[in-house]
Amino acid sequence: MARKKAVEASRIKSTFLANTSHEIRTPLNGIIGFTNLLLKTELDELQQDYLQTILRSSENLLTTINDIMDFSRIESGNLVLEHSPMDLGLVLEETLQILAPFAYDHRLELVPLIDKQLPRTLIGDPLRIKQIFTSLVGNAVRQSADGNIPVRISVQSSKDSELLVRVSVTDLGNRAAGRDRRELHQLLEASPHEQGQQISSTGLGLAIARSLIMQMGGSIGVDEAAGGGATYWVHLPLGLERNRTSPIRERFPGLRILLADPNRMTRMQVAQMLQHWEVEPVELSEPDTLEPAIEQMWRHDALPDAVIIDTAMAAGNFEPFIRCVQCLADTYQCRIIVQGSPVELRRCYEPLRTRALAFLAKPVTRDNLLRALRRAVPHQNTLKQTGLHPALPGPATTRVLAVDDHEANRLLISELLRGLGVETKVAASGEEALELFRQNSFDLILMDIQMPGMDGIETTQQIRAEEADQRTPIIALTAHAGSEEKARLLAAGLDDYLSKPVSEGQLTHTIQRWMKILAPERTERQHLDIPRLVDIGESLELSNNDASLARDMLQMLIRGLVADEQELHRLFAAGDHRGLYDLVHRVHGGCCYCGVPRLREATGHLQELLRPLQQEDEAAIDERAVDAVTREIRALREWASEQDLDVLFGLVELQEAENI
């Protein structure tokens, strides 16, 4: 009885966790997704700052949810890690942006220092890694004041399919309580079974982080730093993406940027990023020397292409700082980028917004700095980035059905897929998805699991039951959390799994992977099974290679398609199966003299379905076969509206040759 009660209690807890995760993650998926899309549009710096705050707050809430869920799963040994593509440097930058306001309260700068050898795409669990970063950096902020907290990512070693990454966070230790410091050391040194049951709120995050690191196959430790601080380090093995393609790196050869910042470490961080893009940084640390240095450069006709000025140069006195920036812009025509904390940028935004070409919020990220550079020196950008994601393999058009009962999620997935050049249809329920599946052919289906009425699993099982020889990959799109969820979905007939909130990178990677798997099969089917809409060679063959006759026969067929489609609908609505047979028989006969194999096949199929019904007074007409004929008529009409048949059949060249 005790065991049954314990099992039932565990089941109730798991169900509660899954439902709670779903209810919170689903709206977060829309908030985070649409904020990211909005950030890609043209915005001024303040709007960007507000949206970044919304994004960071939403992601912070997501991290908190993950902490709560993971603590319960770690306790029961049921934690399941994701393996999805991610940009580890971007994960760190996003984490530091979330924690920056907390750090600024203690006059701290969070400085990301990312190894330039680090690949842009690795395989891991980005949300759990963000939890690890949040715990380590949060602890460092609580132990420090008045200074810098460097967070370094470096590549330790590399194998064929795996990269060992080292992450280190160094605190100052000048706000550390001795008891808290001892507890953190004990947490890292003790085995999981030796950890005491009583863990303080300070140590809880580190305990969760340590458990996550161990489950990832990594290690964590601490080294005492000079001056009383400590360096917490993590070694993480992360997967390398197969068949990865390196993104095209933007370069600004010959560009010189003056970097005015009194903080040596933040100056070094920005200088390293500039050098990665082949920009020459000229560093300046003393506020009093900025204007004289610019004047000397101006006198020798050696002004830099742009000037990045940190608000720390104001030393809290913003009136002379603003006058200095105005002077540089007005007198010396300098292109100005102002960088600083969001609070300090707001203090000088209004008086400088007509002088500065860009405002750069700290911690400075690679993407934000690159965007500021493009705005400040657009003429120097000699190599545009063409995108991180290669084209999808297989046919030019990939067709995806996205099923989700939440309207915001449907719209978000549609926008993300549209950006990938994917043709998308959406369904708000399992019943609607089934209807669309029966009427159309899809390369991939994204299936929400928890839906009212017919849920995602039931819909998948129904699709599997109705499939013929061709199996369509179905990807679960769910906000559920639970250790057995993935196994349950795969056992129910789904092929893969994506957790909400879904990022653009994860979605792209999943679609690319499945299109790569399906590419040989799709190519073979395209050549062998799926006829072409119009086959000019076949038209010429049917007319004994008389180009004029072939063109005329195709024109005659196309001219009658509008009336034929209208008559087709009228006869079907009236239930006139005899009249419908006569019409389809006539159109099919016309198709036999032209190279229109798809319409010929559709009309031939409907004709054979109607033939045995001619002796009956009343008969049921196959609606799907009628719809198939209608689709091919419309496709052929659309094709014809964009073509010049004389050119296609080579008649223009013949006329020119005769004139010569």
Find out whether [X] and [Y] are in side-chain contact, i.e. whether some heavy atom of one side chain is under 4.5 Å from a heavy atom of the other.
| X | Y | value |
| --- | --- | --- |
| V165 | Q156 | no |
| M216 | I132 | yes |
| L373 | W277 | yes |
| T365 | L369 | no |
| L212 | Q131 | yes |
| D535 | R598 | no |
| R166 | I153 | no |
| D405 | P452 | yes |

Provide the closest heavy-atom pair for [X] versus [Y] in the form atom of the first, atom of the second, distance.
| X | Y | value |
| --- | --- | --- |
| H605 | A625 | CD2-CB, 4.1 Å |
| T472 | F437 | OG1-CE1, 4.0 Å |
| P363 | P112 | CB-CD, 4.3 Å |
| A372 | L360 | CB-CD1, 4.4 Å |
| G124 | L238 | CA-CD2, 4.3 Å |
| S414 | V426 | OG-CG1, 3.1 Å |

NZ/NE/NH1/NH2 to OD/OE distance under 4.0 Å, [X] and [Y]:
| X | Y | answer |
| --- | --- | --- |
| E467 | R464 | yes |
| R471 | D495 | yes |
| E632 | R600 | no |

Practice problem: Check salt bridge (Lys or Arg N to Asp or Glu O under 4.0 Å) between R366 and all other residues, then give those that pass, not counting sequence neighbours. | Solution: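 Result, salt bridge (Lys or Arg N to Asp or Glu O under 4.0 Å) vs R366: D87, E93.
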Quiz item: Can you list the residues that meet the salt bridge (Lys or Arg N to Asp or Glu O under 4.0 Å) rule with R371, with sequence neighbours excluded?
Solution: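 None.
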Quiz item: With T95, which of L136, T134, L110 fulfils side chain to side chain contact (heavy atoms under 4.5 Å, CB included)?
Solution: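 It is T134; the other options fail the test.
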Quiz item: Between Q566 and L561, is a side chain to side chain contact (heavy atoms under 4.5 Å, CB included) present by the stated rule, with each step listed?
Solution: CA-CA 9 Å; Q566 293 173 350; L561 287 180; over 6 Å; no
Straight-line distance of [X] [atom1] to [Y] [atom2], nearest 0.5 Å:
| X | Y | atom1 | atom2 | answer |
| --- | --- | --- | --- | --- |
| I445 | L477 | CD1 | CG | 12.5 Å |
| L99 | F133 | CG | CZ | 11.5 Å |
| T424 | R399 | OG1 | CZ | 10.0 Å |
| E458 | I449 | CD | CD1 | 12.0 Å |
| I621 | L606 | CD1 | CG | 8.5 Å |
| I220 | L236 | CD1 | CG | 9.0 Å |

Could you pull out all residues at least two apart from [X] that satisfy side chain to side chain donor-acceptor pair (under 3.5 Å)?
| X | answer |
| --- | --- |
| E608 | R611 |
| R438 | E466 |
| T459 | none |
| Q439 | E435 |

Self-check item: Worked check of side chain to side chain contact (heavy atoms under 4.5 Å, CB included) between E162 and L240
Solution: CA-CA 5 Å; E162 189 177 271; L240 289 167; 6.0 Å; no
Exercise. Just do the side chain to side chain contact (heavy atoms under 4.5 Å, CB included) check on L533 and V596 with the steps written out, would you?
Key: CA-CA 6 Å; L533 180 64; V596 286; over 6 Å; no
Using side chain to side chain contact (heavy atoms under 4.5 Å, CB included) as the criterion, list what pairs up with [X], not counting sequence neighbours.
| X | answer |
| --- | --- |
| A427 | L401, V403, E432, A433, L436 |
| E623 | F572, D627 |
| S157 | L164 |
| I54 | I31, T35, L51, S58 |

Practice problem: Would you sort out whether H406 and D448 count as a side chain to side chain contact (heavy atoms under 4.5 Å, CB included), showing the intermediate values? | Solution: CA-CA 9 Å; H406 199 276; D448 188 24; 5.9 Å; no
Quiz item: If you look only at pairs with a residue in residues 81-102, which of them pass as a ring-ring contact (aromatic ring centres under 6.0 Å, His included), with sequence neighbours excluded?
Solution: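 Those involving residues 81-102 are F102-H106.
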Quiz prompt | ring-ring contact (aromatic ring centres under 6.0 Å, His included) against F34, all qualifying residues, sequence neighbours excluded | solution =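 Result, ring-ring contact (aromatic ring centres under 6.0 Å, His included) vs F34: none returned.
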